[in-house]
Amino acid sequence: MVSVLTPVYNSGRYVGEAVRSALAQSYWPLEIIVVDDGSAANLSALSDKRVRIFRQEMAGPAAALNRAFAESRGAYIALLDQDDTWAPWKTERQVEMMERDLGLDLTFSWSRMCDDEGRPLRRRSRRWKGYLSLDQMMADFVIGNTSSVVLRRSAVERAGLFDESFQVYYGMDLFLRVAALRERNCRAYEQEVAYFRSPPSHSRAEWGRLVEKMGHLAPD
């Protein structure tokens, strides 16, 4: 099973489109875990037996993802932000890669930025090809869009869950820790199958904390 984790906060009109793109996936079995992080969003339109909705007091996106992970059952974990969407074959192709290569703990697809109506813009993620090492990931975070990532559940359990002290770089932090588990365990799916609306936000202070944290984990 693939578990899709979607944290929600003040989601507006996009979360329905995001979840529908997950429900339209060609891969089966699949479940979608939506966690409303204290926004009291109206999620009544997400009625489907594959969608489970949980609510909690506002604790931040990393805490919402940790709650979603705790409620999930899948051997694979796919991340989908509330305003992003997927091509219908995205999870199928990435799971196929990971089933063929049991050394992979993380795959990420190419992605494309869209406008408010979902129309593709010129901005794209890096067209990375092949494997991505921890060194390369620290030097140039070519993954870019969190919604492009599928993780092996066992790797998340070994690396540890999302660090709730981060408000921006919680995804990057986890991906780096997964990459540190073993060699050649992260690889690109070389097709544009993830679409994101918002450019990533940045926090200089959080970036400094993340580099310091990784310095202790992987000093070299």
Side-chain angles (χ1 to χ4, degrees), residues 1-11 14-25 27-39 41 43 46-88 90-95 98 104-109 111 143-178 186 189 193-198 200:
M1 178 182 286
V2 170
S3 295
V4 181
L5 311 188
T6 300
V8 171
Y9 182 75
N10 290 341
S11 59
Y14 298 131
V15 65
E17 187 177 351
V19 171
R20 284 192 293 274
S21 78
L23 290 170
Q25 293 298 294
Y27 185 86
W28 182 261
L30 177 143
E31 65 173 1
I32 303 165
I33 313 297
V34 177
V35 175
D36 180 10
D37 188 43
S39 68
L43 303 176
L46 307 183
S47 56
D48 187 285
K49 64 182 181 180
R50 290 172 290 173
V51 180
R52 292 191 286 146
I53 299 172
F54 300 90
R55 298 184 187 272
Q56 64 181 27
E57 295 295 320
M58 187 174 66
L65 283 165
N66 284 339
R67 171 72 186 280
F69 184 85
E71 300 290 350
S72 69
R73 301 166 292 183
Y76 293 99
I77 302 297
L79 306 179
L80 177 61
D81 287 345
Q82 64 184 15
D83 50 1
D84 295 342
T85 57
W86 291 338
K90 178 185 183 295
T91 53
E92 179 180 3
R93 300 292 170 77
Q94 286 179 253
V95 169
M98 299 174 82
L104 289 176
D105 294 317
L106 182 156
T107 61
F108 61 99
S109 71
S111 54
I143 292 175
N145 178 21
T146 303
S147 297
S148 72
V149 171
V150 175
L151 296 148
R152 200 178 297 277
R153 183 187 197 89
S154 58
V156 177
E157 292 170 341
R158 284 159 50 213
L161 299 184
F162 294 92
D163 185 336
E164 297 180 15
S165 72
F166 289 112
Q167 295 297 310
V168 178
Y169 289 119
Y170 50 88
M172 183 186 294
D173 170 63
L174 175 60
F175 306 155
L176 288 167
R177 287 185 280 118
V178 168
C186 301
Y189 172 62
V193 291
Y195 310 98
F196 67 107
R197 283 191 169 87
S198 300

| field | Exercise: identify the closest heavy-atom pair between Ala78 and Val150 | value | CB-CG2, 4.1 Å
| request: Assess whether side-chain contact (heavy atoms from CB on, under 4.5 Å) is satisfied between Phe196 and Thr146, documenting all intermediate values. | output: CA-CA 9 Å; Phe196 67 107; Thr146 303; over 6 Å; no
| message | Looking at every non-hydrogen atom in both residues, tell me the closest pair between Ser109 and Ala194 and how far apart they are. | response | OG-CB, 3.7 Å
| request: Could you give me the CA-CA distance, side-chain angles and deciding distance for Val51 and Val34, then say whether side-chain contact (heavy atoms from CB on, under 4.5 Å) is met? | output: CA-CA 7 Å; Val51 180; Val34 177; 4.2 Å; yes
| query | Within the side chain of Asp81, is there an N or O that forms a donor-acceptor pair under 3.5 Å with the backbone of Asp83? | reply | no
| task | Examine distances only and state if a side-chain atom of Ser21 and a backbone atom of Trp86 form a donor-acceptor pair shorter than 3.5 Å. | result | yes
| task | Would you give the length of the straight line joining atom CD of Glu71 to atom CD1 of Ile53, rounded to the nearest 0.5 angstrom? | result | 12.5 Å
| field | Heavy-atom donor-acceptor pair, Arg73 side chain to Met1 backbone, under 3.5 Å | value | no
| Arg50 side-chain N/O to Ala22 backbone N/O, donor-acceptor pair under 3.5 Å | no
Show which side-chain atoms of residues 54-61 pair as donor or acceptor with protein atoms under 3.5 Å away, not counting sequence neighbours.
unit_1, atom_1, unit_2, atom_2, d
Arg55, NH1, Asp36, OD2, 2.5
Arg55, NH1, Ala41, O, 3.1
Arg55, NH2, Ala41, O, 3.1
Gln56, NE2, Asp37, OD1, 3.0

| remark: Interatomic distance, CE@Met98 vs OG1@Thr107, rounded to 0.5 Å, equals 5.0 Å
| What pair of heavy atoms forms the shortest contact from Val35 to Ala64, and how long is it? | CG2-O, 3.6 Å
| request: Mind checking the OH-OG spacing from Tyr76 to Ser154? Nearest 0.5 Å is all I need. | output: 8.5 Å
| task | Measure across Val149 and Phe108 and return the closest heavy-atom pair with its distance rounded to 0.1 Å. | result | CG2-CB, 4.1 Å
| remark: Of all heavy-atom pairs linking Gly16 and Leu46, the shortest is CA-CD2, 3.7 Å
| request: Look up atom CG in Asp48 and atom CD1 in Ile32, then write down how far apart they are to the nearest 0.5 Å. | output: 7.0 Å
| query | With a 4.5 Å heavy-atom cut-off, do Leu151 and Phe175 have their side chains touching? | reply | yes
| Measuring from Ser165:OG to Tyr170:OH, what's the distance to the nearest 0.5 Å? | 13.0 Å
| After noting the C-alpha distance and the side-chain angles of Asp105 and Arg158, does the key distance pass the side-chain contact (heavy atoms from CB on, under 4.5 Å) rule? | CA-CA 11 Å; Asp105 294 317; Arg158 284 159 50 213; 4.3 Å; yes
| said: Looking only at the side chains, is there a donor atom on one of Thr85 and Glu17 sitting less than 3.5 Å from an acceptor on the other? | reply: no
| said: Nearest 0.5 Å, please: how far is CG in Leu106 from CD1 in Ile143? | reply: 5.0 Å
| task | Using a strict 4.0 Å threshold on nitrogen-to-oxygen distance, state whether Arg67 and Glu164 make a salt bridge. | result | no
| Would you say the side-chain atoms of Gln82 pair up with the backbone N or O of Val15, donor to acceptor, closer than 3.5 Å? | no
| request: Using atom types as modelled and distance alone, determine if a side-chain donor or acceptor of Arg177 lies under 3.5 Å from a backbone N or O of Ala159. | output: yes
| task | Identify, with sequence neighbours excluded, every residue that meets side chain to side chain contact (heavy atoms under 4.5 Å, CB included) alongside Ser72. | result | Ser3, Leu5, Glu31, Ile33, Phe69, Ile77, Arg153
